[in-house]
Number of protein chains: 2
Amino acid sequence: METDGPARPNGPAETDGLAAAGGLETRELRYFVAVAEELHFGRAALRLGIAQPPLSRAIARLERRLGGVRLLARTSRSAALTEAGAVLLREARSALDAVDAAERRTRRAASTSTGGPGLVLVAKAGASSELLAKLLDAYAAEPGAVPVDVVLCGIAQQSRLLRDGRADVALLHLPFDDTTGLDTEDLYTEGQVLVLPAGHPLATRPRVSMAEAASLLDLPLPRWPDADGRYADGPGPPAHDTTQLYQLIALGRGAAILPESCRTNLRPDLATVPVPDAPAVTTLIAWPPHSRSRPLAALIHTATRR
Amino acid sequence: METDGPARPNGPAETDGLAAAGGLETRELRYFVAVAEELHFGRAALRLGIAQPPLSRAIARLERRLGGVRLLARTSRSAALTEAGAVLLREARSALDAVDAAERRTRRAASTSTGGPGLVLVAKAGASSELLAKLLDAYAAEPGAVPVDVVLCGIAQQSRLLRDGRADVALLHLPFDDTTGLDTEDLYTEGQVLVLPAGHPLATRPRVSMAEAASLLDLPLPRWPDADGRYADGPGPPAHDTTQLYQLIALGRGAAILPESCRTNLRPDLATVPVPDAPAVTTLIAWPPHSRSRPLAALIHTATRR
DNA sequence: CGTCTCCATACCTCCACGGTATCGACGTGC
DNA sequence: GCACGTCGATACCGTGGAGGTATGGAGACG
């Protein structure tokens with residue numbers, strides 16, 4: 001049937017031809033990321049909801065499409081990332097975030113006209129709450145303001161939410177947060193204070209230095225979860241948010257060095273002592289590059305104009 | 001055959017099920033970008049090398065997968081972008097750049113160990129050549145330096161090369177280049193000078209102001225191509241690179257305001273006059289976020305340590 | 001040396017992609 | 001006003017690839 005005739009009946013004719021151009025489907029990238037994270041084809045397949053053999057084939061095909069690059073060093077017992085595989089893992093995560101962002105932002109662009117949220121702002125729970133309240137009030141008073149959803153999240157998840165399109169804009173804090181790949185404007189800089197139980201001996205001091213805090217303090221500094229939601233090993237109790245943190249401090253289980261502005265909403269059983277030589281904390285507003293919609297630009301303008 | 005039995009014979013079972021989660025293949029995005037750019041299904045199909053009906057269906061499927069969003073307003077005569085379509089066009093371009101970057105960087109990571117270039121640096125032809133030469137020399141002297149390919153390109157294409165993985169690092173110039181979405185470090189700030197034919201009356205002045213340059217100058221300022229390689233309408237001859245520009249000036253067809261450092265390699269038949277009130281030009285080194293390989297970090301370190 | 005684990009291969013089924021043919025809608029020219 | 005051209009949508013078909021199960025081969029372990 002395909003012998004001759006006026007026209008070739010069909011055929012992708014270049015979908016599989018050579019390794020070459022324009023390939024890399026997102027499915028393949030998702031599969032590779034799963035395998036690279038699990039370092040185990042069986043578990044990765046389980047996570048992806050497919051069987052193991054198709055996954056093996058998909059990875060092999062991906063390697064072929066990249067020109068015969070070995071992404072994983074397989075023994076018949078396990079799998080390890082090659083150098084190229086490590087590069088692809090990093091790049092694939094970023095690319096998949098961008099694809100997810102494309103989907104989410106498009107969906108929201110469509111739902112905005114039908115009453116969905118116009119902007120999603122993400123902030124750390126308990127941080128810069130006064131600044132945030134003022135910003136939201138000021139923006140709401142602007143002509144043409146759209147509804148703003150506020151998402152409060154844990155530490156260090158904000159930039160991910162921005163990158164994969166779940167949020168449009170974030171309040172971040174230097175030097176704690178990572179701003180690489182984001183556009184930012186500084187909003188506010190402040191010093192830091194030591195937060196202690198009200199009855200603690202140091203609580204009556206007019207100020208303490210970082211060195212004094214480290215040496216005189218008999219309380220451990222709590223640990224925050226990292227970007228994966230895990231807690232690093234070490235001393236001190238784990239704290240997930242400021243409420244937990246304050247309670248731990250009130251219970252005499254720890255102390256913390258926080259930006260001054262935490263004093264506005266502090267529990268009465270906690271005390272603060274300025275730490276003049278602690279690094280200054282800058283609150284800034286951040287958004288993904290190339291995503292300046294009109295409402296976002298207005299919000300940024302409102303935030304920086306003061 | 002699929003009535004019962006010990007196991008369901010096969011079936012993607014969720015590939016097309018609902019609109020839902022984790023979709024958006026890059027092929028669909030490429031198709032959509034082609035249609036959105038052409039605003040014509042037939043031409044887009046031609047460009048993509050497929051027939052028109054499959055393209056129509058692919059776009060329709062994409063709209064369904066996004067939850068019934070209308071991306072294109074079709075009349076039976078033509079197609080126009082909806083608001084959501086415009087959002088997806090922007091986001092899809094960025095996502096496809098990221099996917100392409102993943103592919104390119106992985107290929108290069110694999111070829112690096114087999115003698116390929118270690119880093120690709122992109123700079124505007126004719127700009128900052130002295131700085132660039134010093135940087136390359138200093139980096140080459142570092143222990144563990146890898147080969148650096150230098151790509152010279154026209155104006156305003158550099159950030160694209162960085163974003164889609166064809167280059168690893170660039171020399172950009174504020175306030176001319178767009179640095180959104182890139183990580184940067186400032187390298188050098190300098191004033192600007194007016195570049196004239198050697199015999200021009202203004203060439204003997206010790207300095208000129210911007211206002212004087214605008215009013216006294218009888219020569220037009222040449223036009224540079226924009227990011228798409230097109231020339232905006234307006235007066236003045238079009239110039240593609242500094243060689244063309246210098247020749248145009250030498251021929252008495254124009255003048256230009258350029259950073260001081262252009263004087264190091266200037267033709268003898270051109271003269272320069274300082275313009276003290278012209279905006280300062282900052283040369284900076286830029287790289288894509290989350291791509292700090294060890295050689296790249298070393299190059300950036302070398303560049304900023306002076 | 002059997003057994004278990006883990007990745008690869010073999011072989012099957014079916015959907016989705018791509019192809020051609022054609023229709024319906026809308027301008028356009030005589 | 002009606003034939004015609006254009007453009008997108010629909011109908012129908014064939015194939016490739018994505019997914020499935022069954023099984024093989026290689027190394028770790030008792």
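Quick note on labels: first sequence line is chain A, next is B, and so on, each numbered from 1. Small disclaimer: the values here were computed from a predicted structure and weren't measured.
Applying the side-chain contact (heavy atoms from CB on, under 4.5 Å) rule to A/Ser159 yields the partners A/Arg163, A/Leu182; only residues at least two apart in sequence or on another chain are considered. For A/Arg105, the salt bridge (Lys or Arg N to Asp or Glu O under 4.0 Å) partners two or more places apart in sequence, or in a different chain, are B/Glu91. Here B/Arg43 pairs with B/Glu38 under the salt bridge (Lys or Arg N to Asp or Glu O under 4.0 Å) rule; sequence neighbours left out. Residues forming a side-chain contact (heavy atoms from CB on, under 4.5 Å) with B/Thr180 (at least two apart in sequence, or on another chain): A/Asp183, A/Pro289, A/His290, B/Asp178. Take A/Arg104 and apply the salt bridge (Lys or Arg N to Asp or Glu O under 4.0 Å) test, not counting sequence neighbours, and it matches A/Asp164. In terms of the side-chain contact (heavy atoms from CB on, under 4.5 Å) criterion, residue partners of B/Ala298 (sequence neighbours excluded) are, by chain and number, B/Tyr139. Among residues two or more places apart in sequence or in another chain, the salt bridge (Lys or Arg N to Asp or Glu O under 4.0 Å) test is passed with A/Glu63 by A/Arg74. Residues that satisfy the side chain to side chain donor-acceptor pair (under 3.5 Å) test with B/Asp149, not counting sequence neighbours, are absent from this structure. In terms of the side-chain contact (heavy atoms from CB on, under 4.5 Å) criterion, residue partners of A/Ala98 (sequence neighbours excluded) are, by chain and number, B/Ala95, B/Ala98.
Residues from residues 32-39 of chain B with heavy atoms under 4.0 angstrom of DNA chain C: there are none. DNA chain D lies under 4.0 Å from at least one heavy atom of each of the following residues of residues 50-61 of chain B: B/Gln52, B/Pro53, B/Ser56.
A salt bridge links B/Arg65 to B/Glu28: at least one charged side-chain nitrogen sits closer than 4.0 Å to a carboxylate oxygen. Checked for salt-bridge contact, A/Arg70 and A/Glu83 miss the test: no charged N lies under 4.0 Å from a carboxylate O.
Spacing between atom CZ of B/Phe41 and atom C1' of C/dG24 amounts to 16 Å, rounded to whole angstrom units. Atom CG in A/Leu46 sits roughly 15 Å away from atom C1' in D/dG20 (whole-Å rounding). Whole-Å rounding puts the A/Leu48 CG to D/dG20 P distance at 10 Å. As rounded to whole Å, 12 Å separates atom C1' of D/dC7 from atom CZ of B/Arg74. Here the C1' atom of nucleotide D/dA18 and the CD atom of B/Glu25 are 11 Å apart, to the nearest Å. Between the P atom of D/dG8 and the CD atom of B/Glu63 lies a distance of 13 Å, rounded to the nearest Å. Remark: C1' of D/dA18 and CZ of A/Arg64 are 13 Å apart, rounded to the nearest angstrom.
The side chain of A/His40 places an N or O atom within less than 4.0 Å of a non-bridging phosphate oxygen (OP1 or OP2) of C/dC7.
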Set out, line by line, the N/O atom pairs under 3.5 Å between protein and nucleotides 25-28 of chain C.
{"from": "C/dC26", "atom 1": "O4'", "to": "B/Ser76", "atom 2": "OG", "distance (Å)": "3.1"}

